[in-house]
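Quick caveat, the model's predicted, so the values are computed rather than measured.
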Amino acid sequence: MSGAPARTLLLWCPDWPVLAAEIVDGVPATDPVAVLHANRVVACSERARAEGVRRGLRRREAQGRCPQLTVVDHDPARDARAFEPVVAAVEEVVAGVEVIRPGACALAARGPSRYLGGEEAAAERIVEHVAQTCAVESQVGIADGVFAAGLAARDGRIVPPGGTPEFLAGLPVEALGRPTLTDLLRRLGVRTLGDFAALPAGDVLARFGFDGALAHRLAAGRDHRPLAVRQPPADLTVTADHDEPIDRVDAAAFAARTLAEQLHERLAAHGLACTRLGIEAVTAHGQELHRVWRHDGLLTAAAIADRVRWQLDGWLSGSNGRGGARPARPTAGIIRLRLVPDGVLAQAGLQPGLWGETGEERERAHRALSRVQGILGPEAVVTAVLGGGRSPADQVRLVPWGDERLPARPGPPPLPTTEQARPTELAPPTEPAAPAGAGAVARSGRRSGAARSGGAAPVPPWPGRIPPPAPAVVLPTPLPAAVHDAAGEPVVVSARLAVSAAPARVTVGAGRPAEIAGWAGPWPVDERWWAPAEARRRARFQVCLADGAALLLAVEGGQWLVEAIYD
């Protein structure tokens with residue numbers, strides 16, 4: 001902990017909790033006002049102080065000294081919310097502001113003093129700008145370190161460089177803002193910061209602990225904590241203005257390529273990459289167009305240019321929709337094009353292999369698929385995203401390549417199909433059973449066939465969801481089927497999920513009957529039972545055939561269907 005304290009400029013707004021109550025709640029700060037926390041005064045107005053109200057007084061004592069006192073509850077969120085315009089006004093004059101607390105902010109004094117003509121001129125400029133912009137009175141103090149600058153701001157004083165220890169020496173120990181330590185120092189005969197700073201540092205640490213040692217350093221003017229300044233965010237957007245309005249797609253594509261390269265270079269200079277791109281355009285007639293494109297990976301310069309070209313093509317010419325309808329074209333050409341990196345992240349990159357091969361396959365595939373999208377459109381290349389749902393069809397969502405890969409329904413994705421988890425092993429041949437209260441089971445989400453299938457798997461988050469393994473092929477349109485028992489009678493599932501007999505043979509469509517070697521189920525699903533027009537009640541079965549094939553069957557309204565096929 002060595003080094004000289006940094007020259008610090010601190011702006012302080014007196015009685016800020018009272019001013020915040022006036023700004024937000026309309027409480028007149030010119031009247032006797034006191035802000036209370038835990039039944040004690042934490043701030044008061046100038047009129048209240050003239051009546052004898054002081055910080056630390058209890059509510060009853062403060063009201064006894066000033067019967068017309070207006071009491072306001074302390075609200076840190078209100079104070080911070082009202083102080084934000086003041087900080088913004090300071091940032092309009094100088095950069096790099098740190099908020100100490102609502103009502104006080106600090107910044108390094110070296111920069112403003114150099115380009116505003118000295119420390120005194122910088123202080124006057126900031127105070128004047130805050131008063132004109134926010135109608136708030138403030139005071140500025142400049143000293144070596146944040147602690148000394150805060151005390152200097154109460155008197156509107158500029159402490160000369162190197163004069164901070166002398167300035168602090170004459171102040172009372174109450175300036176430390178530590179009531180417990182202050183009381184103890186008073187009882188020990190230490191009344192000023194100079195007296196406290198004269199004590200040996202080792203004795204102070206042994207007697208008062210770590211917090212006392214920190215206070216001892218502050219009293220000696222050795223506050224060198226660097227400012228945690230708030231830096232304004234970098235402007236990463238790129239804009240191109242065109243004297244001649246762009247109304248042709250080829251000219252728009254050329255402009256898109258140039259602007260995309262500029263955006264990519266600006267992001268790379270900050271070590272960033274774009275994942276969500278905003279495209280804005282302004283026409284000669286003042287029309288404003290805006291679209292946001294998402295991307296699952298990192299947008300390269302070529303990918304940015306492709307998306308801008310696609311969007312401009314859609315705006316300038318349009319694509320035929322259903323029935324030949326076209327979107328409304330702008331009434332004039334584009335004179336301003338703006339790219340906004342709406343979503344960015346740090347570009348970590350890939351560590352190349354010994355011969356530079358790592359990641360090349362992925363990049364080649366990405367370029368090829370992006371090229372196909374550029375020719376056929378974004379919907380021409382899709383990838384599957386697994387998510388939640390009851391049926392296999394509900395658990396898969398096809399997403400265009402490069403879009404954000406979010407599941408259609410929340411929940412963990414289904415487990416992949418494995419050779420160790422085939423339906424024959426999960427479900428040996430079982431006897432029919434009629435569990436009691438099956439209708440309630442279907443809605444509560446219990447799997448009536450879990451015990452018979454020999455599985456001890458936990459209950460899935462989606463009631464009625466089929467346990468693993470997941471099927472390899474999900475049919476877009478279920479195929480009709482017929483299921484019979486050993487006697488040749490149709491297998492029927494009652495409303496209470498009672499299976500009439502063990503399934504023995506299944507016939508898919510007009511094919512030949514196939515023997516069933518094992519089965520598991522039923523897994524009931526009672527969807528949207530509260531809406532009769534949309535309600536669906538089904539029961540699903542996993543069956544393994546004698547030839548090694550496995551099917552996912554469903555029975556609905558007495559009709560058997562093949563929903564999916566296992567590998």
- Note on the structure: Looking only at heavy atoms, the pair that brings His484 and Val491 closest together is C-CG2, 3.6 Å
- Which of Glu288, Gln287, Arg338 passes side chain to side chain contact (heavy atoms under 4.5 Å, CB included) with Val282? It is Glu288
- Is there a donor-acceptor pair under 3.5 Å between the side chain of Asp25 and the backbone N or O of Val27? no
- Item | Heavy-atom closest contact (Trp519 atom, Ala502 atom, distance) | NE1-CB, 4.1 Å
- Using a 4.5 Å cut-off on heavy atoms from C-beta on, say whether the side chain of Leu337 contacts that of Val308. yes
- Message: Is it the case that atom CZ in Arg336 sees more than 12 heavy atoms from other parts of the structure closer than 6.0 Å?
- Response: no
- Message: Taking Thr237's backbone N and O only, do any of them form a donor-acceptor pair with Arg266's side chain (distance below 3.5 Å, no angle check)?
- Response: yes
- Atom pair CD1/CG of Ile516 and Leu553 - distance to nearest 0.5 Å: 6.5 Å
- Do Phe541 and Trp523 have ring centres separated by under 6.0 Å? no
- Item | side chain to side chain contact (heavy atoms under 4.5 Å, CB included) between Val99 and Val87, intermediate numbers included | CA-CA 8 Å; Val99 178; Val87 179; 3.8 Å; yes
- Message: Whether Glu556 and Arg537 form a salt bridge (side-chain N of Lys/Arg under 4.0 Å from carboxylate O of Asp/Glu) is what I want to check.
- Response: no
- Hey, mind stepping through Gln542 and Tyr566 against side chain to side chain contact (heavy atoms under 4.5 Å, CB included) and telling me if it holds? CA-CA 9 Å; Gln542 290 175 331; Tyr566 292 91; 2.8 Å; yes
- Message: Would you compute the distance between atom CG of Leu552 and atom CG of Leu475 and round it to the nearest 0.5 angstrom?
- Response: 9.5 Å
- Query: Have Trp293 and Gln311 got a donor and an acceptor in their side chains that come within less than 3.5 Å?
  - Reply: yes
- Task: Could you walk me through whether Val483 and Val543 pass side chain to side chain contact (heavy atoms under 4.5 Å, CB included), step by step?
- Result: CA-CA 11 Å; Val483 179; Val543 299; over 6 Å; no
- Message: Checking the side chain of Arg505 only, and the main-chain atoms of Asp485 only, is there a donor and an acceptor separated by less than 3.5 Å?
- Response: yes
- Query: Closest heavy-atom contact between Pro480 and Gln559?
  - Reply: CB-NE2, 4.0 Å
- Task: Applying side chain to side chain contact (heavy atoms under 4.5 Å, CB included), run through Ile304 and Leu277 and close with a yes or a no.
- Result: CA-CA 8 Å; Ile304 295 174; Leu277 175 68; 3.8 Å; yes
- Item | Taking every non-hydrogen atom, the tightest pair across Asp243 and Pro245 | O-CD, 3.6 Å
- When every non-hydrogen atom of Ala260 is compared with those of Ala301, the smallest separation belongs to CB-O, 3.7 Å
- Item | Greater than 12 external heavy atoms within 6.0 Å of His37's NE2 | no
- Which distance, rounded to the nearest 0.5 Å, do you find between the CD of Glu261 and the CG of Leu263? 11.0 Å
- At their closest point, which heavy atom of Pro17 faces which heavy atom of Arg78, and how far apart are they? O-NH2, 4.3 Å
